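One is the number of the first residue; the rest follow in order along the sequence. As the structure lists them, so they are numbered: ligands from 1, and atoms in each ligand from 1. Model, not experiment: these values are computed from the prediction.
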Amino acid sequence: MSEFNKTPRLVLLPAVDVAGGKAVRLTKGEAGTETSYGDPVDAAVEWADQGAEWIHLVDLDAAFGRGSNGGVLKKVIRQVKGVNVELSGGIRDDASLEHALEIGAKRINLGTAALENPEWAASVIAQYGEAIAVGLDVRGTTLAARGWTKDGGDLWAVMDRLEDAGAARYVVTDVTKDGTLQGPNVDLLRQVMERTRRPVVASGGISSLDDIAALRELVPLGLEGAIVGKALYAGAFTLPQALDVASH
Ligand SMILES: O=C(O)c1ccccc1N[C@@H]1O[C@H](COP(=O)(O)O)[C@@H](O)[C@H]1O
(Lines give C-alpha, C1' and ligand atoms only; values in the text may rest on other atoms or scores of the structure.)
Protein backbone atom coordinates (compact mmCIF):
# COMPACT_ATOMS: atom_id res chain seq x y z
CA MET A 1 0.00 0.00 0.00
CA SER A 2 1.40 3.46 -0.83
CA GLU A 3 1.80 6.17 1.80
CA PHE A 4 -1.17 7.96 0.21
CA ASN A 5 -3.57 5.04 0.70
CA LYS A 6 -2.79 4.54 4.35
CA THR A 7 -5.53 5.13 6.90
CA PRO A 8 -4.46 8.07 9.04
CA ARG A 9 -3.39 7.12 12.50
CA LEU A 10 -5.50 7.31 15.61
CA VAL A 11 -4.25 9.97 18.05
CA LEU A 12 -3.90 8.63 21.58
CA LEU A 13 -4.43 10.85 24.60
CA PRO A 14 -3.21 9.36 27.89
CA ALA A 15 -5.48 10.57 30.69
CA VAL A 16 -4.23 12.26 33.83
CA ASP A 17 -7.20 12.68 36.18
CA VAL A 18 -6.42 14.65 39.31
CA ALA A 19 -8.23 14.41 42.66
CA GLY A 20 -6.85 15.68 45.96
CA GLY A 21 -3.61 16.56 44.17
CA LYS A 22 -2.99 12.95 43.06
CA ALA A 23 -3.31 11.14 39.75
CA VAL A 24 -6.26 8.78 40.13
CA ARG A 25 -8.53 6.54 38.12
CA LEU A 26 -12.19 6.14 38.95
CA THR A 27 -14.55 3.33 37.99
CA LYS A 28 -17.56 4.60 36.01
CA GLY A 29 -16.72 8.10 37.28
CA GLU A 30 -18.02 7.31 40.74
CA ALA A 31 -16.59 9.28 43.64
CA GLY A 32 -15.04 6.95 46.21
CA THR A 33 -13.76 4.44 43.64
CA GLU A 34 -10.36 6.12 43.29
CA THR A 35 -7.19 4.15 42.72
CA SER A 36 -4.24 6.47 43.28
CA TYR A 37 -1.24 6.56 40.94
CA GLY A 38 0.92 9.18 42.65
CA ASP A 39 2.08 12.54 41.45
CA PRO A 40 0.17 13.81 38.35
CA VAL A 41 3.28 15.65 37.14
CA ASP A 42 5.28 12.39 37.16
CA ALA A 43 2.49 10.59 35.30
CA ALA A 44 2.17 13.30 32.66
CA VAL A 45 5.93 13.58 32.17
CA GLU A 46 6.13 9.81 31.77
CA TRP A 47 3.44 9.84 29.03
CA ALA A 48 5.21 12.78 27.36
CA ASP A 49 8.58 11.00 27.48
CA GLN A 50 6.96 7.90 25.99
CA GLY A 51 5.71 9.80 22.95
CA ALA A 52 2.31 11.28 23.79
CA GLU A 53 1.36 14.23 21.57
CA TRP A 54 -1.69 15.01 23.69
CA ILE A 55 -2.58 14.57 27.33
CA HIS A 56 -6.19 14.56 28.54
CA LEU A 57 -5.95 16.34 31.90
CA VAL A 58 -8.98 16.34 34.19
CA ASP A 59 -9.63 18.20 37.42
CA LEU A 60 -12.00 15.72 39.03
CA ASP A 61 -12.55 17.84 42.14
CA ALA A 62 -13.69 20.72 39.94
CA ALA A 63 -15.92 18.36 37.91
CA PHE A 64 -17.56 17.17 41.15
CA GLY A 65 -17.83 20.77 42.41
CA ARG A 66 -15.89 19.98 45.58
CA GLY A 67 -12.60 21.83 45.01
CA SER A 68 -9.84 22.61 42.59
CA ASN A 69 -6.42 21.33 41.63
CA GLY A 70 -5.52 24.53 39.80
CA GLY A 71 -1.91 24.69 41.00
CA VAL A 72 -1.23 21.06 40.05
CA LEU A 73 -2.79 21.46 36.59
CA LYS A 74 -0.60 24.49 35.93
CA LYS A 75 2.49 22.54 36.97
CA VAL A 76 1.55 19.58 34.76
CA ILE A 77 1.06 21.81 31.72
CA ARG A 78 4.37 23.60 32.38
CA GLN A 79 6.27 20.33 32.78
CA VAL A 80 5.00 18.74 29.55
CA LYS A 81 5.88 21.69 27.37
CA GLY A 82 5.60 20.70 23.72
CA VAL A 83 2.81 18.22 24.43
CA ASN A 84 -0.74 19.46 23.80
CA VAL A 85 -3.04 19.40 26.79
CA GLU A 86 -6.81 18.92 26.58
CA LEU A 87 -8.16 20.21 29.88
CA SER A 88 -11.50 19.38 31.43
CA GLY A 89 -13.43 19.43 34.66
CA GLY A 90 -15.20 22.46 36.06
CA ILE A 91 -14.75 24.78 33.08
CA ARG A 92 -18.16 26.40 33.12
CA ASP A 93 -17.78 30.17 32.76
CA ASP A 94 -15.59 32.87 31.22
CA ALA A 95 -13.23 33.05 34.18
CA SER A 96 -12.49 29.30 34.31
CA LEU A 97 -12.21 29.10 30.52
CA GLU A 98 -9.85 32.06 30.25
CA HIS A 99 -7.76 30.71 33.12
CA ALA A 100 -7.50 27.31 31.44
CA LEU A 101 -6.24 28.92 28.24
CA GLU A 102 -3.88 31.21 30.15
CA ILE A 103 -2.15 28.31 31.88
CA GLY A 104 -1.51 26.75 28.47
CA ALA A 105 -4.31 24.29 27.70
CA LYS A 106 -4.51 23.81 23.95
CA ARG A 107 -8.08 22.56 24.07
CA ILE A 108 -10.86 22.87 26.62
CA ASN A 109 -13.42 20.13 27.08
CA LEU A 110 -16.84 21.43 28.13
CA GLY A 111 -19.17 19.01 29.89
CA THR A 112 -21.76 20.40 32.28
CA ALA A 113 -21.69 23.91 30.79
CA ALA A 114 -22.58 22.63 27.33
CA LEU A 115 -25.70 21.02 28.85
CA GLU A 116 -26.77 23.59 31.41
CA ASN A 117 -25.71 26.81 29.72
CA PRO A 118 -26.32 26.37 25.97
CA GLU A 119 -26.08 30.09 25.15
CA TRP A 120 -22.70 30.50 26.81
CA ALA A 121 -21.45 27.28 25.22
CA ALA A 122 -22.54 28.50 21.77
CA SER A 123 -20.82 31.83 22.32
CA VAL A 124 -17.47 30.29 23.32
CA ILE A 125 -17.69 27.74 20.51
CA ALA A 126 -18.10 30.69 18.12
CA GLN A 127 -15.31 32.67 19.79
CA TYR A 128 -12.67 29.95 20.31
CA GLY A 129 -13.47 27.42 17.57
CA GLU A 130 -10.97 24.52 17.59
CA ALA A 131 -9.92 25.30 21.15
CA ILE A 132 -13.29 24.07 22.41
CA ALA A 133 -14.37 20.43 22.43
CA VAL A 134 -17.63 19.21 23.88
CA GLY A 135 -17.58 16.20 26.15
CA LEU A 136 -20.58 13.98 25.50
CA ASP A 137 -20.58 11.86 28.65
CA VAL A 138 -23.41 9.35 28.35
CA ARG A 139 -25.22 6.48 30.00
CA GLY A 140 -27.23 4.81 27.26
CA THR A 141 -28.27 7.91 25.33
CA THR A 142 -28.72 10.15 28.37
CA LEU A 143 -26.04 12.75 28.99
CA ALA A 144 -24.43 13.11 32.40
CA ALA A 145 -23.53 16.39 34.10
CA ARG A 146 -22.04 17.67 37.38
CA GLY A 147 -19.50 14.97 38.02
CA TRP A 148 -21.74 12.55 36.13
CA THR A 149 -24.22 12.67 39.04
CA LYS A 150 -27.08 14.45 37.24
CA ASP A 151 -28.90 13.74 33.99
CA GLY A 152 -28.15 16.33 31.33
CA GLY A 153 -30.65 15.55 28.57
CA ASP A 154 -30.95 13.43 25.47
CA LEU A 155 -27.71 12.86 23.55
CA TRP A 156 -29.26 13.28 20.10
CA ALA A 157 -31.23 16.42 20.94
CA VAL A 158 -28.17 18.03 22.52
CA MET A 159 -25.99 17.01 19.60
CA ASP A 160 -28.41 18.66 17.15
CA ARG A 161 -28.05 21.87 19.12
CA LEU A 162 -24.26 21.62 19.29
CA GLU A 163 -24.05 20.92 15.55
CA ASP A 164 -26.07 24.10 14.94
CA ALA A 165 -23.67 25.96 17.24
CA GLY A 166 -20.71 24.69 15.19
CA ALA A 167 -18.97 22.57 17.82
CA ALA A 168 -15.54 21.69 16.46
CA ARG A 169 -15.08 18.30 18.08
CA TYR A 170 -16.77 15.81 20.41
CA VAL A 171 -15.17 13.72 23.14
CA VAL A 172 -17.54 10.79 23.64
CA THR A 173 -17.41 8.89 26.92
CA ASP A 174 -19.58 5.92 27.78
CA VAL A 175 -19.67 6.52 31.52
CA THR A 176 -20.67 2.92 32.19
CA LYS A 177 -17.45 1.74 30.54
CA ASP A 178 -15.05 4.32 31.97
CA GLY A 179 -12.40 2.76 34.18
CA THR A 180 -13.85 -0.76 33.76
CA LEU A 181 -11.42 -2.19 31.21
CA GLN A 182 -14.43 -3.69 29.39
CA GLY A 183 -13.69 -2.34 25.93
CA PRO A 184 -14.98 0.81 24.22
CA ASN A 185 -18.58 1.30 23.13
CA VAL A 186 -18.03 1.06 19.39
CA ASP A 187 -21.77 1.16 18.56
CA LEU A 188 -22.16 4.45 20.38
CA LEU A 189 -19.15 5.93 18.60
CA ARG A 190 -20.50 4.82 15.21
CA GLN A 191 -23.90 6.37 15.96
CA VAL A 192 -22.32 9.68 17.00
CA MET A 193 -20.10 9.76 13.91
CA GLU A 194 -23.13 9.14 11.69
CA ARG A 195 -24.60 12.38 13.01
CA THR A 196 -21.63 14.70 12.59
CA ARG A 197 -18.85 15.56 10.20
CA ARG A 198 -16.79 16.85 13.12
CA PRO A 199 -13.94 14.76 14.53
CA VAL A 200 -14.74 12.48 17.45
CA VAL A 201 -12.47 11.37 20.29
CA ALA A 202 -13.37 8.12 22.04
CA SER A 203 -13.14 7.75 25.79
CA GLY A 204 -13.89 4.95 28.20
CA GLY A 205 -13.24 1.26 28.45
CA ILE A 206 -10.05 0.67 26.46
CA SER A 207 -8.45 -2.46 27.88
CA SER A 208 -6.15 -3.93 25.25
CA LEU A 209 -4.16 -3.33 22.11
CA ASP A 210 -7.01 -5.08 20.24
CA ASP A 211 -9.36 -2.32 21.42
CA ILE A 212 -6.99 0.26 19.98
CA ALA A 213 -6.81 -1.67 16.71
CA ALA A 214 -10.64 -1.76 16.62
CA LEU A 215 -10.84 1.98 17.20
CA ARG A 216 -8.28 2.62 14.50
CA GLU A 217 -10.65 0.93 12.04
CA LEU A 218 -13.08 3.78 12.80
CA VAL A 219 -10.69 6.54 11.71
CA PRO A 220 -12.11 6.65 8.16
CA LEU A 221 -15.56 7.21 9.72
CA GLY A 222 -14.40 10.27 11.66
CA LEU A 223 -12.72 8.94 14.78
CA GLU A 224 -9.72 11.15 15.42
CA GLY A 225 -8.45 9.97 18.75
CA ALA A 226 -8.88 7.89 21.87
CA ILE A 227 -8.32 8.66 25.52
CA VAL A 228 -6.52 5.87 27.34
CA GLY A 229 -6.67 5.71 31.12
CA LYS A 230 -6.74 2.70 33.38
CA ALA A 231 -5.20 0.28 30.89
CA LEU A 232 -2.00 2.34 30.81
CA TYR A 233 -1.84 2.81 34.58
CA ALA A 234 -2.56 -0.88 35.18
CA GLY A 235 0.17 -1.89 32.71
CA ALA A 236 -2.12 -3.75 30.30
CA PHE A 237 0.19 -2.42 27.57
CA THR A 238 2.74 0.35 27.25
CA LEU A 239 2.15 3.68 25.55
CA PRO A 240 4.78 2.95 22.84
CA GLN A 241 3.00 -0.34 22.05
CA ALA A 242 -0.32 1.49 21.85
CA LEU A 243 1.09 4.25 19.66
CA ASP A 244 2.47 1.61 17.33
CA VAL A 245 -0.94 -0.08 16.95
CA ALA A 246 -2.63 3.32 16.54
CA SER A 247 -0.42 4.16 13.61
CA HIS A 248 -0.42 0.89 11.61
O1 LIG B 1 -13.03 11.49 33.77
C2 LIG B 1 -13.71 11.11 34.74
O3 LIG B 1 -13.49 10.03 35.32
C4 LIG B 1 -14.82 11.99 35.22
C5 LIG B 1 -15.60 11.51 36.25
C6 LIG B 1 -16.64 12.29 36.72
C7 LIG B 1 -16.87 13.53 36.15
C8 LIG B 1 -16.11 14.00 35.13
C9 LIG B 1 -15.07 13.25 34.64
N10 LIG B 1 -14.26 13.65 33.62
C11 LIG B 1 -14.18 14.82 32.83
O12 LIG B 1 -14.86 15.97 33.31
C13 LIG B 1 -15.55 16.54 32.24
C14 LIG B 1 -16.77 17.25 32.68
O15 LIG B 1 -16.50 18.32 33.55
P16 LIG B 1 -17.57 19.49 33.67
O17 LIG B 1 -18.89 18.83 33.72
O18 LIG B 1 -17.39 20.32 32.45
O19 LIG B 1 -17.23 20.18 34.93
C20 LIG B 1 -15.88 15.38 31.35
O21 LIG B 1 -16.16 15.73 30.03
C22 LIG B 1 -14.65 14.53 31.44
O23 LIG B 1 -13.66 14.98 30.55
Does the distance from a Lys or Arg side-chain N to an Asp or Glu carboxylate O, for K28 and D178, drop under 4.0 Å? no
Run the salt-bridge test on E116 and R146 with the 4.0 Å N-O cut-off and return the result as yes or no.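 Looking at R146 together with E116, the answer is yes, because their closest N to O distance falls below 4.0 Å.
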Y170 side chain to E224 side chain, donor-acceptor N/O pair below 3.5 angstrom: no
So, T35 versus K230: side-chain donor-acceptor pair below 3.5 Å or not?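 Per modelled atom types, T35 and K230 side chains form no pair under 3.5 Å.
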Geometric class of the Y233/Y37 ring pair [parallel <30°, tilted 30-60°, perpendicular >60°]: tilted
Tell me which residues fall inside the under-4.0 Å heavy-atom shell around ligand 1.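 Residues near ligand 1: D17, G29, H56, V58, L60, A63, F64, S88, G89, G90, R92, N109, G111, T112, D137, G147, W148, D178.
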Given L155, which partner from the list V172, T142, D160, L136 fulfils the side-chain contact (heavy atoms from CB on, under 4.5 Å) test?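 Exactly one pass, corresponding to L136.
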